[in-house]
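Just so it is clear, the values below take in all heavy atoms, side chains as well, and ignore hydrogens, waters and symmetry mates.
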Amino acid sequence: MPEVIYLVATILFALRIALLSIGAQRERSRRILPTNLYRPSVSVVIPARNEEKNIAECLHSIAQSHYPVNCFEIIVVNDRSNDNTGKIVENVLLEIPNLKVVTLTLPRNQGNLQGKPGALDAGIRASSGEVILMTDADCLVSPDWIEAISSQFIDPKVGITASFTTIYPNNFFEKMQAVEWTLTHSMAQAGVGLRQPLGCFGNNLAIRRSVYEALGGYAGIRFSVTEDLALLQAVFAAGCDVRYVCHESAAVQTKPCATFSEYLLQHQRWAKGGLGLGWRAVLFVLLSASLAISLAAAIIAGDYLLLPLIIAIRAAGDTAIIYPSLKMLNRNDLRVPAISAVFFLMILEMIIPILSLKPTVKWKGQIFR
């Protein structure tokens, strides 16, 4: 019986690697290089709730963009913050002429406009750009970020564009998060390449204004604790083309989770939102957890000599997916941690389905279902 499990798990994992490799390569080959011949007006929208430690640095990084200053605006949404976020933004207003502030004092909890979707919608409604770029208040962007992302919309069929998020780690826990971010983005990019949108991240996402308005905005999209995935699915269902860019110029830098409890809360939110994928979520979990199941079977059966082989197969498969992305992102510093992250990620894959069973999600001091 264990032999059957090992064989089936290996076949499933090989299928996973083959599909993801094909999808990621297909999507990477479609990337449009930035061109000065196409520069749409851009609005960068940043929701900020209790972000006094991060918001100023984030806004300054965006303001230093190489994109012509008369072609983009920055919209920061102060979402009912009870710290010094509002005061800090007021001070930054004096330094950045193309910065606008939207202040929310009451929760936008009508219909689908709860939490972050409500803040994003308020910012987008107050903006004027042809292309809407979204990032988070704890992120930093490169000077070429706006150009790299907005250039994808030169193709009129493109409705939404996603790109990668990176972490510059200082310890083992942060290195594991940096590897996971890259691997997760690589898999999401592969999904787009296979015309099966599996996910994206709202801290590096852009949508064409006309598409957002045609959908009715976030008010017209089902509420989800992963509003980015809900938006991606809605745009895809509307028949628009989707792009997922992997390049250092298009990446944003985010801060890692400081504690493991914070990390688990983050992944519980992602897991809960991922249920919206339906059968894709089941298939994805099955393919991803196949070797973890094989590992557990080997331990139960006492086949301990197989453990290094199973982990080696997993390491080879994951690095085959992640290494091309690391090269495009110029993150060779993560090549060695990517190998050592294998066991960490296998354990995480066994925890994630359990996290999705909790009925509520906590985010920014708010509880959502």
Side-chain angles (χ1 to χ4, degrees), residues 48-58 60-61 83 135-142 145 163-189 199-204 226 246-271 274 288-289 291-292 295 307-308 310-312 314-352 354-355 361-365:
R49 178 173 169 81
N50 296 334
E51 293 286 357
E52 63 181 5
K53 296 180 180 179
N54 303 312
I55 189 62
E57 191 176 15
C58 172
H60 282 119
S61 77
D83 63 359
T135 191
D136 288 344
D138 62 351
C139 291
L140 302 176
V141 308
S142 76
W145 176 65
S163 189
F164 280 56
T165 307
T166 64
I167 289 175
Y168 288 88
N170 295 309
N171 55 51
F172 175 80
F173 182 43
E174 293 178 3
K175 287 179 182 178
M176 297 303 97
Q177 293 180 64
V179 170
E180 186 195 3
W181 271 105
T182 308
L183 180 60
T184 304
H185 272 290
S186 299
M187 293 188 292
Q189 182 190 46
C200 61
F201 292 89
N203 57 16
N204 198 352
T226 50
C246 179
H247 194 269
E248 62 177 325
S249 63
V252 303
Q253 176 186 343
T254 191
K255 292 187 176 181
C257 294
T259 65
F260 193 67
S261 60
E262 180 187 348
Y263 179 80
L264 287 179
L265 284 175
Q266 179 192 65
H267 283 68
Q268 190 234 343
R269 182 169 65 88
W270 291 351
S288 297
L291 283 191
L295 190 70
L307 300 184
I310 294 172
I311 294 174
R314 176 59 187 263
D318 280 357
T319 53
I321 297 300
I322 198 175
Y323 272 26
S325 296
L326 293 177
K327 182 178 180 181
M328 296 292 292
L329 296 169
N330 195 23
R331 292 302 307 273
N332 290 331
D333 59 303
L334 293 178
R335 292 174 70 89
V336 173
I339 298 173
S340 61
V342 170
F343 196 71
F344 178 84
L345 294 176
M346 290 181 75
I347 294 174
L348 181 66
E349 285 170 357
M350 291 186 282
I351 296 175
I352 285 178
I354 300 173
L355 296 176
V361 172
K362 185 177 181 181
W363 181 81
K364 297 284 186 180

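Y263 and F344 have tilted rings, their planes meeting at an angle from 30° to 60° on a 0 to 90° scale.
Counting heavy atoms of neighbouring residues, nucleotides and ligands inside a 6.0 Å radius, atom CD of E57 does not exceed 12 of them.
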request  = Before giving the answer on side chain to side chain contact (heavy atoms under 4.5 Å, CB included), spell out for L329 and C246 the whole-Å C-alpha distance, their side-chain angles and the decisive distance to 0.1 Å.
outcome  = CA-CA 7 Å; L329 296 169; C246 179; 4.1 Å; yes

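Remark: D136 pairs with K116 by the salt bridge (charged side-chain N to carboxylate O under 4.0 Å, His left out) rule, at least two apart or across chains. Annotation: ring-ring contact (aromatic ring centres under 6.0 Å, His included) contacts of Y168 (sequence neighbours excluded): none.
Interatomic distance, CH2 of W145 versus SG of C139, reported as 8.5 Å (0.5 Å rounding). With values rounded to the nearest 0.5 angstrom, N332 atom CG is found 9.5 Å from Y323 atom OH. Rounding to the nearest 0.5 Å gives a distance of 7.0 Å between CD of Q177 and CD of Q266. For the atom pair CZ of F173 and CE of M176, the computed distance is 10.5 Å after rounding to the nearest 0.5 Å. In this structure, the separation between OG1 on T182 and CZ on F164 is 7.5 Å, given to the nearest 0.5 Å. Here the CG-CD1 distance, from L334 to I322, works out to 7.0 Å after rounding to the nearest 0.5 Å.
For T135 (side chain) and N203 (main-chain N/O), a donor-acceptor pair under 3.5 Å exists by modelled atom type. Remark: the backbone N or O of W181 is not paired with any side-chain donor or acceptor of T184 at under 3.5 angstrom. With hydrogens and angles disregarded, a donor-acceptor distance shorter than 3.5 Å links the side chain of D83 to the backbone of E52. The backbone N or O of N204 lies less than 3.5 Å from no partner atom in the side chain of S163, so there is not a single donor-acceptor pair.
Closest approach of S249 and S142 over heavy atoms only: O-OG, 3.0 Å. When every heavy atom of I321 is checked against every heavy atom of S186, the shortest pair comes out as CG2-CB, 3.8 Å.
Here salt bridge (Lys or Arg N to Asp or Glu O under 4.0 Å) pairs that include residues 318-330, with residues two or more places apart or in two chains, are R16-D318, R314-D318. For residues 331-347, the set of pairs meeting the salt bridge (Lys or Arg N to Asp or Glu O under 4.0 Å) definition, not counting sequence neighbours, comprises R331-D333. Within the structure, salt bridge (Lys or Arg N to Asp or Glu O under 4.0 Å) contacts touching residues 164-187 (residues at least two apart or in different chains) do not occur.
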Less than 3.5 Å apart, which donor and acceptor atoms pair up between the side chains of residues 251-260 and the rest of the protein, not counting sequence neighbours?
residue: K255; atom: NZ; partner: N54; partner atom: OD1; Å: 2.5
residue: T259; atom: OG1; partner: S261; partner atom: OG; Å: 3.1
residue: T259; atom: OG1; partner: E262; partner atom: N; Å: 3.2

